[in-house]
J.: 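Starting off with a structure, shown below.
Chain letters run A, B, ... following the sequence lines, proteins first, then strands; residues in each count from 1. Predicted, not measured: the structure shown is a model, and the values here were computed from it.
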Amino acid sequence: KDYRLGLITPPPHQWTLSAQAAADEIAARTGGRVHILVFPSGQLGNEARMLQQLQTGAIDFAMMTVGEFANRDPNYGIFQAPYIAADYDAAGKLLSGPTAQQLLEGMRAFGLKGLAWGMAGFRQIVTGPQVDTADQLRHMKIRTVPMQSSMAFWSDLGAAPTPMPLPALYDAFANGQIDGMQIDYEGTWNSGYHDHAGTIIASNHMLFPMAAVASGRKWQTISAADRAVVQEVFADQAAQLIASYQDIDAGYLARLETTGVPVLKVDRAWFGPAIDAWYGEWEQKAPLLKQLEAEAAQD
Amino acid sequence: MRLERIDKQVARAETALAAGLMGGVFLILLIGAGWRSAGHPLAWSDELAVLLMACAGFFGASAALASGRHISVDLLEARLGPRGRARVQGLVRLVLLLALAGFALLLWRWFDPLGLLRAESAQAFAEATFNFVYQEPTVTLGVPKVWAWLVLIPFCAGSLLHVLAQIARLLRGDAPC
Amino acid sequence: MLSLLCFLTLLLIGLPIAFAMAIAAVLQILLSGEAQVLLISVPQTLFGGVESYGLLALPVFIFLGELLNASGAGRRLIALAALVVGPVRGGLAQVNLIANALMAAVLGSTVAQITLMSRLAVPEMVRAGYSRDMAATITAAGGLLAPVLPPSMLLIVYGVIAQLPIGDLFLAGVVPGLIMLVLFMALTHLMGRRHGFPASARPATGKTRILTGALPALAVPAAMIGAILGGIATPTEAGVVAALAVFVLGRWLWHEIGFADLWPALKATAVSSASILFLIAAAGLYAWVAAWENLPATVAAWLAQVSDNPLVFLLLLNLLLLLLGMVTDPLPALILTVPVLLPVAQDVYGIDPVQFGLITCINLAAGLLTPPVGSGLFTAALLNDVPSGRIARRLLPYLGAVGLLLAALSLWPGLSLGLGRLLG
Ligand code: NA
Ligand code: NA
């Protein structure tokens, strides 16, 4: 039987490649009983539309950023905690740990079956004006995704978080409607934002999690044995995906370093007291954050 | 005739609503640009502008049905005599009537008001039926998305009314709009 | 197949195109074998089709067009352009094309530009003795410059799907856009001789009076470009800023417009944009069903089998896009085809994605001017009160010129990629 997996990334993106790899492996291991067609580039709609279709059962699987979930329950914003994971290894552990598992199970409330967590590259900061200190970020208009936890990070720094659709971003940055953006190396290089950048702040300050999910309605109709295969393959692929970003991030950073735009390497201390303020606020808003912090502290 | 008068008044109200909403869209875009350049970007302005435009679009689409302003091909009509033309125009309205009735049925199933009344809460309704129409949030506005989706109901009702009025006119031997 | 037949039948008996498309999409759903779960998504998909930030440009530039016309700013600008071109045969037609190129530097959508120029240029041309058909045709053709010369909504959407720097795509559009302008002007010159276009008249009032009257009108594009480059507004917001500037000039300088004129302009804007928005909603529904049925991937697999020659692929691509452009609007067509055809073009044939994007966007934009479904064609017909069939026939030579341009772009990648390489 044909199943459908939707995602918003284009065909060459690592998420799409991982989705196709998962589909191929699942087809092989279930003897073709679960044959997944991959629909990249938002062909079946943006993430809000895909989530609606997962709920009705019009599509069966998706790989999604965390935005739609965080918008429904603030606990899904906790992976956005600044400096929660020091490197790809730590990120991999957190995204497969007990809190992550609890969040996958909680997706039942959205009509979904959560399968696994993956990620894209660490978030960095690209600014138009040249930046040396975090104080210079104050009053800057920084483009972020419209997610409370992500926007709060910038408000706490005294900057003005500015949500803006991706197609408008290049011109807005070139013309100065925004002063900077929170983005990964991959997106910076592929969209050419470095053309108009004064500084690339290599901060590695935030994770960008991705959830592989199934339609709750359709999941019930797959046999228990095949369900086990699907779940195992997605967990495998997600773990490989997270690990692969070590090389992907390093590769794109190396390319960006050839452009002559100054790359400023910073750490948590560079941002000053704003990050503590963020944790103070979000430990109240998202009860699961403390649990995740405890998990992160174990390493 | 009464149907006639109601049809005209509803179309006028729809046009006015669509125009008012579009005016709102332009104001929000101006305010959004202004506040952003003053260093205080508004997170909600883009989403609100888009939703108001969509609502204006559906009110306007119903009004456009009343005044025959929808884009269509007039190849066949142009080649027919008055009687043939009236028949084809009647057929077109009949197809529209059926399609809109079907759409009304889909809306009834989607908004499922009786199911919602029977359920304990909106969340319980969603988890039992996999129908999340009342659970869908907006990204920045803090209100459920269903407030925007509701525009489909007056769109469908208004369109049905306009098509019925046009059928009545055709039966009397007048031009449909 | 059956749903396509249903669509064409409904179209032919005169059903509004948007409704014909939505009914055909629902028929396709009923035949899909998963009708139960897909039907419940229909209302959401319809609404979701117009829920896009990019579409805000549509009502904004329609409203700007209404105000430019009502305030007298458009008339003054055209008079200025005519003063520059001088009293030659077909002068006003050339003025129209040059004005279109100038507008294209500000507008990114063919439909928005045809809307604007239909209000601005067509009444002037008719007054000067052009036939209404010819004036509407030249205006419709000029609208094709909008998505080629930057900025361009189509290239922006393509850049997002293909993950390409939008600046590169814009740069790649400059040379093809200028070639298109030159081809159109030459063609118009030939048509002018054949159809005996009137010479533009010597201005009745003095040159100084035209200049002083028109110079403030230049403040409108200046305000728009200033707002964008000054970092104040996005192109869409700048459209609203320009509308405000037009109103201020028309109300307090020229005294041709008042607050009472705003309401009729808003109502006209609402109804015009609503019929286009609803068409896009219905097209979105059809595109969604087609994507769900995996139609594009089937086509791509077939294409890859036919030949390994990139030129054959580009020829087939152009034919396919031409057919697709005839029956759909560019945005849904772009969303439908690029994700499947671009990897084939890149991996199988080694075609540059920027070149591929320019060819795809220009071809699909031309589809805006072809029957049976062409928003640009219908907008020109509706606003100028000319049957769409007559405009479509007269547009044939212009579409032929676009075909020449597409052939050149397919044969010589340098036409689209050269400027980018030159500027590094
Ligand atoms: Na343009
Ligand atoms: Na067409």
Side-chain angles (χ1 to χ4, degrees), chain B residues 15-23 25-27 29-30 32-34 36-37 46-47 49-51 53-54 56-65 67-78 88-89 91-92 95-96 99-100 102-103 106-107 109-111 131 133 136 148-149 151-152, chain C residues 10-20 22-23 26 39-40 42-44 46-47 50-53 55-56 58-60 63 227 230-234 236-241 243-244 262-263 266-267 269-279 281 371-372 375 378-379 382 387-389:
Chain B
T15 309
L17 260 170
L21 289 170
M22 280 301 183
V25 170
F26 301 153
L27 270 182
L29 286 173
L30 265 186
R36 196 186 50 239
S37 25
D46 285 351
E47 189 180 22
V50 167
L51 288 179
M53 172 186 68
F58 283 102
F59 281 121
S62 177
L65 204 54
S67 54
R69 298 258 308 182
H70 274 291
I71 301 156
S72 60
V73 177
D74 51 5
L75 278 176
L76 185 63
E77 258 185 60
V88 169
Q89 285 172 341
L91 179 64
V92 163
V95 173
L96 278 176
L100 287 165
F103 189 61
L106 283 183
L107 288 179
R109 275 184 49 193
W110 186 37
F111 289 116
N131 182 349
V133 58
E136 179 83 6
W149 283 337
V151 73
L152 291 172
Chain C
L10 292 176
L11 211 62
L12 201 69
I13 65 169
L15 209 76
I17 290 162
F19 286 89
I23 292 170
V26 170
L39 275 177
I40 201 78
V42 166
Q44 260 171 340
L46 208 57
F47 190 96
V50 286
E51 223 184 312
S52 133
Y53 180 82
L55 281 178
L56 283 171
L58 190 80
V60 166
F63 186 60
I232 297 168
T234 64
T236 302
E237 291 162 349
V240 188
V241 174
L244 195 68
L262 282 178
W263 187 239
L266 270 177
K267 284 205 284 195
T269 304
V271 178
S272 299
S273 29
S275 59
I276 299 169
L277 283 172
F278 190 62
L279 182 67
S375 314
F378 295 132
T379 308
L382 198 74
S388 61

J.: By a 4.5 Å heavy-atom criterion (distance strictly below it), what part of B:Leu21 contacts chain C: side chain, backbone, both, or neither?
T.: neither
J.: For chain C, which candidate among B:Leu30, B:Val133, B:Leu65 shows the most heavy-atom pairs at distances under 4.5 Å?
T.: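 Most heavy-atom pairs within the cutoff with chain C belong to B:Leu30.
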J.: At a 4.5 Å cut-off on heavy atoms, which part of C:Ile17 comes close to chain B: side chain, backbone, both, or neither?
T.: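 Contact with chain B: backbone and side chain both.
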J.: If you look at every heavy atom in C:Glu237 and B:Ala33, which pair is closest and at what distance?
T.: OE1-CB, 3.5 Å
J.: So C:Val26 and C:Leu39, do their side chains get closer than 4.5 Å, heavy atoms only?
T.: yes
J.: Answer whether the closest heavy-atom distance between the side chains of B:Val151 and C:Phe47 falls below 4.5 Å.
T.: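 In contact.
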J.: For a quick test of reading the model, state the closest non-hydrogen atom pair linking C:Ala18 to C:Phe278 and the distance between them.
T.: CB-CD2, 3.5 Å
J.: Is it the backbone or the side chain of B:Phe59 that comes under 4.5 Å from a heavy atom of chain C, or both, or neither?
T.: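 When you check distances to chain C, no heavy atom of B:Phe59 falls under 4.5 Å.
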J.: Could you have a look at C:Leu15, C:Val50, C:Leu12 and say which one has the most heavy-atom pairs with chain B under 4.5 angstrom?
T.: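 When all of C:Leu15, C:Val50, C:Leu12 are compared, C:Leu15 has the most.
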J.: What are the two closest heavy atoms between B:Leu152 and B:Phe103, and how far apart are they?
T.: CD2-CZ, 4.3 Å
J.: Identify which part of C:Val42 has an atom lying under 4.5 Å from any heavy atom of chain B, answering side chain, backbone, both or neither.
T.: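 Side chain only.
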J.: Of all the heavy-atom pairs spanning B:Ala49 and C:Leu56, show the shortest one and how long it is.
T.: O-CD2, 3.8 Å
J.: For the pair B:Asn131 (side chain) and B:Phe111 (backbone), establish whether a donor and an acceptor sit closer than 3.5 Å, ignoring hydrogens and angles.
T.: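 Not confirmed, B:Asn131 side chain does not pair with B:Phe111 backbone.
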J.: Under 4.5 Å, counting heavy-atom pairs only, tell me which of B:Leu91, B:Leu96, B:Thr15, B:Val88 racks up the most with chain C.
T.: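 Most heavy-atom pairs within the cutoff with chain C belong to B:Leu96.
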J.: Side chain, backbone, both or neither: which part of C:Phe19 has a heavy atom under 4.5 Å from chain B?
T.: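 Side chain only.
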J.: Considering only heavy atoms, which portion of B:Arg109 lies under 4.5 Å from any heavy atom of chain C: side chain, backbone, both, or neither?
T.: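 For B:Arg109, the contact with chain C is made by backbone and side chain together.
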J.: In terms of heavy-atom proximity below 4.5 Å to chain B, should C:Ser52 be classed as side chain, backbone, both, or neither?
T.: backbone
J.: So which residue, C:Ala281, C:Ser388, C:Ala270, ends up with the most heavy-atom pairs under 4.5 Å with chain B?
T.: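 Maximum pair count with chain B is reached by C:Ala270.
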J.: What are the two closest non-hydrogen atoms of C:Pro43 and B:Leu106, and how far apart are they?
T.: CG-CB, 4.4 Å
J.: Between C:Leu46, C:Leu266, C:Val60, which residue shows the highest count of heavy-atom pairs closer than 4.5 Å to chain B?
T.: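 It is C:Leu266.
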J.: Among B:Gly102, B:Ala64, B:Ala61, who wins on heavy-atom pairs under 4.5 Å with chain C?
T.: B:Ala61
J.: By a 4.5 Å heavy-atom criterion (distance strictly below it), what part of C:Leu262 contacts chain B: side chain, backbone, both, or neither?
T.: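 Interface part for C:Leu262: neither.
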J.: Can you tell which part of C:Leu277 gets under 4.5 Å to a heavy atom of chain B, answering side chain, backbone, both or neither?
T.: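 C:Leu277 touches chain B through side-chain heavy atoms alone.
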J.: Could you state the interatomic distance from CG (C:Leu279) to OG (C:Ser275), rounded to the nearest 0.5 Å?
T.: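 Those atoms lie 8.0 Å apart.
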J.: On a heavy-atom basis, which atom in C:Tyr53 and which in B:Val50 lie closest, and how many Å separate them?
T.: CA-CG2, 3.8 Å
J.: Could you check which of C:Thr269, C:Leu11, C:Leu382, C:Thr236 has the highest count of heavy-atom pairs closer than 4.5 Å to chain B?
T.: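 Heavy-atom pair counts peak at C:Leu11.
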J.: For the interface with chain B, which of C:Ala238, C:Pro387, C:Pro59, C:Ala233 has the highest count of heavy-atom pairs at distances below 4.5 Å?
T.: C:Pro59
J.: When rounded to the nearest 0.5 angstrom, what distance separates CD in C:Glu51 from CE in B:Met53?
T.: 8.5 Å
